[in-house]
Every structure is written in structure tokens, then in C-alpha cells.
Amino acid sequence: MIPILDLKKQIAPIRAEIDEVIKKVIDNGNFVFGQEIREFEEELVKYSGAKYAVGVSNGTDAIKLSLVALGIKPGEGVLCPAFTYYASAGAIASMGAVPVFVDIEPDSYTISLEGIEKALKKKNKLKVKAIVPVHLYGQCADIDGVLKIAKKYKLKVVEDTAQAFGADYRGKKAGTFGDCGALSLFPGKNLGAFGDAGAILTNSQAVAERLKIFRNQGNKEKYYHLVIGYNNRLDTLQAAILKVKLKYLDGWNKRRQENAEYFNQQLEGLPIKTPFVPEYTTHIYHQYILRLNSSSQKLIEHLRAKGIDSRVYYPVSLHLQKCFKELGYKKGAFPESERACKETLAIPVYPDLTQEEKEHIVSSIREFLQ
Ligand SMILES: *Cc1c(COP(=O)(O)O)cnc(C)c1O
């Protein structure tokens, strides 16, 4: 089976380097807030160009802490796309705010600017105070467009950069445009830890300070608690591993891009849609998404029979998830999101795919289509 992702292959060539830093953390014994946290945060700043980086427990908490630190209150509305991973909206709901869903652009799968305006103009009892655009699959949402609307309506912006850390929007790194950029460093993300991890980028010193207080039980000085905070720290061990892996991120992303380029070329002219990349963004192919005119299920089954793992990210639009039932959205409310759930599939694109594997994937898709 060609899996959707093979982390063992990624880790093998850098194993000695990682074993070394793990040993160092164990020898030092500073498992919470060891020096590796600050070192990794400094590397994130250098890499991203953001002024500040704050390591946290995971990507979901990165979004939640960002909203809290930016002053979003329970009961206030936060816009986010209906078509994304659950956590984009789950993070909003988990701090008591209310997700306000918006449809996506059919070609890029990112939040629709028209949809945002529509949601804001709707007569609504909610005070909408923020927006969480999602850089889905590894390419950026139209962040200039989002920022323009945010300015007009005085909204805070938290970029969900879980899938796109390393992608550029008009030459600057994803996650550095909004008030905060939330990163997930979950093992399966392009930059992944050996367990849960996350980080937040910001250009505001005040926000960075608030984030550091909220991630650590609401205190700046131990046992003196200023606000109701959380235990959302990044582990020293994960920071040490991530600091090693960050050096390789651009190389891995480049290989994903080469794999994607190969698929694009080989599938050209066939009745299947390859990823559309708007001129303003690069794509780091966290996922390589194909789209059919009808359900993708038969192709997924065909690929499985050929020993290829492919998946639907995501099969149910968030406005139709049981957990958000009380928000009152109906089927048909966001047609593009609902259509994307049916018609898309992700095929393996990870950096260590071999030429034979890529050829097998392409010929299996061709066989299905012809
Ligand atoms: C992975 C992911 C998250 C959540 O990150 P965790 O580290 O798993 O909590 C949020 N949003 C998107 C779009 C993601 O892909």
C-alpha cells in the first residue's frame, strides 16, 4: 500500500540528529520551558519573518489562545469557512465564541470574500468580532482581501496556518499577515513534532505577551495569576525535535511541489481537475487535491484496489456536523462547501514518494478515467 503519508521515511535520514537533541533534553531534565522552547521560537521568527513566535500545545489551542489574547469574548461571532478541518471552528466554539460559517471559493477551496460580506450583512443578533481564514491544503487564502474587509468591519484576524506553514503570499510567509497566525505542528503537518505541538506568530509585542500569559495558567510570575489562563505550553522535547526538523522544511516542501508538478503534467487533458493555484500564493501541498464532476468515492475505491491510499478531506461540511447542529444551518446553505465534500480526494504527495510510486498513482488514475 502507498500510504497517504509516510513519516518513517521522513525521519530515517535525520534520526541521529534527533536522537542527539532528545538525549540532551533528558540529560538536562528541563521538560517544561527548557531553553529549547526559546531557541525554537527564535528560529520560527527567523524563518517566518514575524516579529514574535509563541510555542503552544497544539494547533487548536493556537487558534483558541489567539482569539482569547485578542480579546474575543464568549458569545461573540467569529467567521470561518464551512469547509475546513473541524478544529478551525472547534477552537472558536471551545472558548465560548460562536462560529459563523462562510462558503468557499470553488477553485481554491479557501474562504469566499463575497461570502464574508454576505455573512456580515445578514441581520444577526451576534456581534461578529473576528475572522479565521484557513490556508487550506497548503496554499494561502486571499489574505489581502480578508484584511481589507477586516479593516472595514473592525475584525481581528487569526490565520489558520495549520496546513500552510512555509507557503508564501505575495512573497511573505503565511501566518504573518493577521493579528495572529496559528500553526499546528501535529505529526502529519508539513512541519510535525513527535506528538501534539503548535505555535502562534504575531507582530505585536503586546499580543505576544498576552499569549505567553494565557498559555501558562494566566501567570507571568509563578503563583501570581493575572487572568484565567490555560495549560497550553509546548513541551521542551517537542521544541527540540521541531528545531531540528524546521531546517528541512523548505526541502521537504520543494519535493512535495515537484511531486505535484509531476501529477499536474501527467493528468493534464484528462477529465479530472488538478489543484488551482491563484497568482498571489505558493502552494506547499500539505494535500494534493483532485476533483471530479461527480462523487469521488469510486475513484477512491479503485485506488485502494490498486494499493493506493487516498482520502476525502473533509467528507462533511462543518455547518452540517452534528456538533454544530444548534447553530441552525440547513443543508444547501453553503453549496460550494457541500460539493467539495463530495467531489474531491487527496492522493499521496509526501516528499519521499518514489518515481515508481508516482507512476503507479498516475497510471491507476488514468485507468479509472479511460
Ligand atoms: C490540523 C489542523 C488544525 C488543528 O491542529 P491540531 O494541532 O491538530 O490541534 C486546525 N486547523 C486546520 C486547518 C488543521 O489542518
Side-chain angles (χ1 to χ4, degrees), residues 4-5 7 40 44 53-68 78-95 97 99 101-102 104-105 108-111 130-141 143 146 157-167 174-175 178 180-201 215 230-235 238-239 241-242 245 253 256 281 283-289 311-319 321 323-324 337 340-341 344 346 349-350:
I4 196 81
L5 174 66
L7 284 174
F40 175 57
L44 280 180
V54 179
V56 298
S57 40
N58 57 64
T60 311
D61 288 333
I63 299 170
K64 177 200 72 185
L65 285 171
S66 296
L67 293 170
V68 171
V78 179
L79 298 161
C80 84
F83 186 69
T84 171
Y85 178 54
Y86 156 79
S88 311
I92 296 167
S94 77
M95 49 79 65
F101 292 120
V102 173
I104 53 161
E105 295 292 342
S108 66
Y109 307 109
T110 54
I111 197 162
I131 175 162
V132 177
V134 180
H135 303 310
L136 200 68
Y137 299 142
Q139 67 178 350
C140 296
I143 199 75
V146 168
V157 177
V158 177
E159 298 173 66
D160 181 340
T161 314
Q163 300 191 1
F165 186 50
C180 290
L183 313 183
S184 167
L185 305 166
F186 176 82
K189 302 294 154 89
N190 289 26
L191 175 64
F194 287 5
D196 283 303
I200 302 162
L201 306 176
R215 80 170 163 185
Y230 304 87
N231 180 349
N232 282 166
R233 297 178 294 252
L234 173 65
D235 289 340
Q238 301 300 353
I241 293 160
L242 287 162
K245 289 187 82 183
N253 285 344
R256 286 175 181 269
T281 180
H283 200 323
I284 55 161
Y285 297 97
H286 174 60
Q287 302 295 354
Y288 181 92
I289 302 297
R311 309 271 178 94
V312 180
Y313 297 109
Y314 299 91
V316 181
S317 185
L318 294 184
H319 70 287
Q321 292 279 0
C323 66
F324 295 126
S337 297
C341 292
T344 60
V349 72
Y350 60 87

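The basis for the numbers below is simple: all heavy atoms, side chains too, and nothing from hydrogens, waters or symmetry mates. Both counts, for ligands and for their atoms, begin at 1 and track the order of listing.
- Using a 4.0 Å cut-off to heavy atoms of Ala87, the atoms of ligand 1 that qualify are 3 (C), 4 (C), 10 (C).
- Proximity of Asp196 to ligand 1, defined as any heavy-atom pair under 4.0 Å, is not found for any part of the residue.
- In summary, the aromatic rings of Tyr313 and Tyr85 are positioned with their centroids too far apart to meet the 6.0 Å limit.
- Of the options Ala162, Gly188, Ser184, the smallest heavy-atom separation from atom 7 (O) of ligand 1 is shown by Ser184.
- The closest approach between any non-hydrogen atom of Gly198 and ligand 1 is not below 4.0 Å.
- At under 3.5 Å, a nitrogen or oxygen of Thr60, whether backbone or side chain, sits near a nitrogen or oxygen of ligand 1.
- The aromatic rings of Tyr314 and Phe83 sit perpendicular to each other, their planes meeting at more than 60°, with 30° as the lower class boundary.
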Give every donor-acceptor pair under 3.5 Å between a side-chain atom in residues 192-201 and any protein atom, sequence neighbours left out.
none

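- Within the model, atoms OG of Ser94 and CG of Asp61 stand 7.0 Å from one another, a figure rounded to the nearest 0.5 Å.
- At least one donor-acceptor pair under 3.5 Å links the side chain of Glu159 to the backbone N or O of Gly175.
- For ligand 1, the atoms closer than 4.0 angstrom to any heavy atom of Thr84 are 13 (C).
- At least one donor-acceptor pair under 3.5 Å links the side chain of Thr281 to the backbone N or O of Cys140.
- Judged by distance alone, with hydrogens and angles left aside, the side-chain atoms of Asn190 form a donor-acceptor pair with the main-chain N or O of Ile284 at under 3.5 Å.
- Between Lys189 and ligand 1, an N or O atom pair is found at a separation short of 3.5 Å.
- Set against the non-hydrogen atoms of Ser88, the atoms of ligand 1 under 4.0 Å away are 11 (N), 13 (C).
- Using a 4.0 angstrom heavy-atom cutoff, Asp160 counts as in contact with ligand 1.
- Between Phe186 and ligand 1, no N or O atom pair is found at a separation short of 3.5 Å.
- Atom 15 (O) of ligand 1 has as its closest protein heavy atom Gln163 NE2, 2.8 Å.
- Side chain of Arg256 to backbone of Tyr285: a donor-acceptor contact under 3.5 angstrom is found.
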